[in-house]
Number of protein chains: 2
Amino acid sequence: MQITGAASTTSVLRVMNSRAVFAEVFRLGKASRPELAQTTGLSKPTVAMALTHLERAGLLRQVGQRSGAAGRSALLYEVRPEAGWVLGVDVGRGYVRVAVADLLGTIVARKDRPSRGSRASTLVTQLTRLADELTAEVGIARSDITLTVFGTPGVHDAQTGALRSAPNLPGWDRPGSVERLAEVAGAPFVVENDVDLAAVGESAYGLGAGIDHFVYVSIGTGTGMGIMIDGKLYRGFRGAAGEVGYLPVAEGDPLQDEPASRKRGMFESVASADGVVSLARRLGMADAASAKDVFEAARAGDPTATRAVLHEADHVAHALAAVTAILDPELVVLGGGIGTQGGDLLTGPVRDRLTSLVALDPPRIEVSALGADAVLRGALAVGLTGARDLVLDRAASIATATTGQR
Amino acid sequence: MQITGAASTTSVLRVMNSRAVFAEVFRLGKASRPELAQTTGLSKPTVAMALTHLERAGLLRQVGQRSGAAGRSALLYEVRPEAGWVLGVDVGRGYVRVAVADLLGTIVARKDRPSRGSRASTLVTQLTRLADELTAEVGIARSDITLTVFGTPGVHDAQTGALRSAPNLPGWDRPGSVERLAEVAGAPFVVENDVDLAAVGESAYGLGAGIDHFVYVSIGTGTGMGIMIDGKLYRGFRGAAGEVGYLPVAEGDPLQDEPASRKRGMFESVASADGVVSLARRLGMADAASAKDVFEAARAGDPTATRAVLHEADHVAHALAAVTAILDPELVVLGGGIGTQGGDLLTGPVRDRLTSLVALDPPRIEVSALGADAVLRGALAVGLTGARDLVLDRAASIATATTGQR
DNA sequence: TCAAATTCGTAAAGGACCTAGCCAAATCGC
DNA sequence: GCGATTTGGCTAGGTCCTTTACGAATTTGA
């Protein structure tokens, strides 16, 4: 029953066409007027007009000529990388990653640091200093940052400004606490769940490129899932979509019959790093200290560790069976400490087990191409998209202002 | 990295504005020029021009005047209901429901019949005769139908024209078999999963009105789920999203420890009508013949039947816990035979159980407002949306043709 | 080295669309 | 019946885009 259809005046055409031209230049890297006229379907004068506007607004610049072919050589245009800057921040569990990228998405400065305490004030201080260092390195002011994107654990409630379900960031669940990040960023900033950003990163730069529906499943200290639907991030009603840690654990594992784990019965408690370690211990691998140990032992051929890994694969397969039954994704990307380290040790058994659990062929299952960088890259991708819109809006308002003055 | 931005010429403005005006008339029912100018933001002459075009194309008609207020009385316009017709078909398991609606969505003719066999040819014959009867009743030709929408079990693969996973429609899984429905419909028709259509119906006419993210869970002879995301139907990569029948069944139910059911371990096998009956029998209710019996007995106070219903609620809650963890919907609508008949007998325990299984507050859980009509209403809603676009496209092509001739 | 061919960039002309503003027509209240 | 008020229709004006056309720049070939 919903009927769409925005009414418009002629002036929106100019904006639309400018955006289209900019988008094409962005896509092609370098482009001439005739090329742009052809790909956008606009006429040469219109393209020329748009290019003039965009160049005057500082979004594009002329860059040499295309020679070699017969006839007059065409002037080439490209995006001015300095037309916008993006600050991406990955607030991880034990570390902090910060990077600055230009409008083309090229990372021009980056620092990774161990996290200095989890208290809000120390974290803000550390991030602010890192942002200062990075912008200085690039040679810009912090106010030149067009958009900042933070990736954090937990669910960010934009209404209250609180960060729920982020136990390793104590104090951030208070209403309004997120606003303290304004100190780090310039004016416009965005806070997004880290796993969601990893999914975006994988979509923009990794295995998810060009895939409409896929999920990024992170398994490490905790568990989480980022869902991309129609190429866009899906957050759910309250931003809690993809909280697979609360998936009821599937039956069929005799080890799960112990009362303690049956009581919890959640995916996170059995499949996360701690779950793998306790599983390996119960299987008889008394010296298992970390999930990494277990996977290394399994890779070395230890039969007990191998059994533990197979059990882990079984848990993951059951979770993915639920995801497949509900979402029918084209691709599942495994990330996080265990998802990445496990590699083919995990994907093989997961694929086998999943095949017997789902109706049709199971979705493709791959290990993240970006690894630990996924969140940061996702933050930059989100920032880049937003920054592009912001600078275009700014250019449009400049254009209308100048035409209005005449 | 994706950059949107369609380039446009001035002529698309006319189309856009005509659509906007039409949409407003549709929304308001009856509207005058000044009203439309105000709500669309367009000027009076533009609105007048659009109205003239739409009236000439037969989409709108003038209908009296608005009097009572001071000043000249305004001419009123409304959508011509006869500007388009929609045929909706619900191919159910034992029945067939067919209805014709006009462009306003008013059902003008409808017939429900027991399904005459499940063979493709007899079904097509029956549907064709029903369509003929209905159109005759309305006084239109079958070729006047703008768009036909079929709701069927199974997954329709538009690539091959096959209908997968629909065991009660034998023969329809052959490639190209769906094309036989062209005989029933006029030229343009759409085949959609029945549960998906029920979700759309609930979104257009039922409890889902105005809700962006919700799911419709059908529990009856089989199980299924329709997913609405951002107010649109989500189908998944291969159209198999929402196949909750394949959800791994959660642990924690001692009754499930019998080997037979553990082997299957799917939601459908335990939660569908057959599952309820066998569960009740195993609990000692030897005379349980149908799920309806069980629910009636429970409603009458039978303790064994009540236990069975509670177990059913537990299964449903576990499935919804998985759905909530993955999708975080705002609302869950229960439909299908069991979902509808169960009523508060089911929703109460489901809510209680679900609360203990999920992280945040559980989503709202309600029983379908449309009941057995949900699929048919959904078919009509989908058809209405499509028909509106079709007649607008047709009107636009007429308009450009006439302006081109001048 | 020079002319032909080809392509690019821009200017002018024309068409389509929308807005602003005016005036006539119609209606209601007094 | 008359004035206030609102609606409908019309005209003038402006913005935007496209088509057409022409000069400018470059390569190719002789």
Side-chain angles (χ1 to χ4, degrees), chain A residues 5-21 30-56 60 62-77 396 399-406, chain B residues 5-21 30-55 60 62-77 396-397 399-406:
Chain A
S8 299
T9 149
T10 49
S11 62
V12 305
L13 283 180
R14 178 97 127 227
V15 177
M16 285 175 62
N17 291 337
S18 282
R19 292 183 91 94
V21 168
K30 291 180 184 177
S32 69
R33 274 171 231 227
E35 279 172 4
L36 292 169
Q38 195 157 27
T39 54
T40 60
L42 296 168
S43 66
K44 284 192 292 176
T46 305
V47 171
M49 176 95 68
L51 286 175
T52 307
H53 277 299
L54 290 168
E55 192 177 7
R56 198 176 306 160
L60 298 181
Q62 212 176 302
V63 54
Q65 307 180 342
R66 162 116 54 219
S67 60
R72 181 175 176 174
S73 18
L75 298 171
L76 294 178
Y77 289 82
T400 53
T402 52
T403 53
Q405 279 173 7
R406 281 177 197 169
Chain B
S8 300
T9 149
T10 49
S11 61
V12 305
L13 280 181
R14 177 97 128 229
V15 177
M16 285 175 63
N17 290 339
S18 282
R19 292 183 91 94
V21 168
K30 291 180 183 177
S32 69
R33 276 175 228 222
E35 278 172 5
L36 292 171
Q38 194 157 27
T39 55
T40 60
L42 296 169
S43 66
K44 286 190 294 174
T46 305
V47 171
M49 175 98 64
L51 286 174
T52 308
H53 276 299
L54 291 168
E55 191 176 9
L60 298 181
Q62 211 175 302
V63 54
Q65 306 180 342
R66 162 121 52 220
S67 61
R72 181 174 177 175
S73 13
L75 299 171
L76 294 178
Y77 289 83
S397 69
T400 53
T402 51
T403 52
Q405 279 171 10
R406 279 176 197 167

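Keep in mind that the numbers below use all heavy atoms, side chains included, and drop hydrogens, waters and symmetry copies. The sequence lines fix the lettering, A, B, ..., with proteins before strands; numbering per chain opens at 1.
In this structure, CZ of B:R19 is placed 16 Å from P of C:dC17, rounded to the nearest angstrom. Nucleotide D:dT6 holds its P atom 17 Å from the CG atom of B:L76, rounded to whole Å. Taking atom CG on B:L51 and atom P on D:dT7, their separation rounds to 14 Å, with Å as the unit. Between A:L42 atom CG and C:dT10 atom P there is a gap of 16 Å when expressed in whole angstrom units. Atoms NE2 (A:H53) and P (D:dT15) sit 12 Å apart, rounded to a whole Å. Atom CD in B:E55 sits about 13 Å away from atom P in D:dG8, given to the nearest Å. The nearest whole Å value for the distance from the CE atom in B:M16 to the P atom in D:dC17 is 14 Å. Spacing between atom CE of B:M49 and atom C1' of D:dC10 amounts to 12 Å, rounded to whole angstrom units.
Candidate nucleotides C:dC17, D:dT18, C:dT19 were compared by shortest atom distance to the side chain of B:L13, and C:dC17 ranks first. Comparing C:dG9, D:dC16, D:dT7 against the side chain of A:K44 picks out C:dG9 as the nearest. You'll find that the side chain of A:T46 is closest to D:dT18, out of D:dT7, D:dT18, C:dG9. Closest to the A:R72 side chain, of the nucleotides C:dT10, C:dC18, D:dA25, is D:dA25.
More than 12 heavy atoms of other residues, nucleotides or ligands shown are found within 6.0 angstrom of CD on B:E55. Within 6.0 Å of atom CD in B:Q38, 12 or fewer heavy atoms from other residues, nucleotides or ligands are found, so the atom counts as exposed in its surroundings.
Minimum heavy-atom separation, B:L54 to B:S18: CD1-O, 3.8 Å. When all heavy atoms of A:V63 and A:Y77 are compared, the closest pair comes out as CG1-C, 4.0 Å.
Under 4.0 angstrom from either OP1 or OP2 of C:dC8 there lies no side-chain N or O belonging to A:S32. Within the structure, a side-chain polar atom (N or O) of A:R33 is placed less than 4.0 Å from OP1 or OP2 of C:dT10. For the OP1/OP2 pair of D:dC16 and a distance below 4.0 Å, the side-chain nitrogens and oxygens of A:N17 include no atom meeting the criterion.
The 5' end of DNA chain C is approached more closely, in terms of each residue's nearest nucleotide, by A:A74 than by the other of A:P45 and A:A74.
Looking at heavy-atom distances under 4.0 Å, A:S73 makes contact with sugar-phosphate atoms alone, never a base.
No option in B:L36, B:T52, B:T39, B:N17 other than B:L36 meets the side chain to side chain contact (heavy atoms under 4.5 Å, CB included) test with B:V47.
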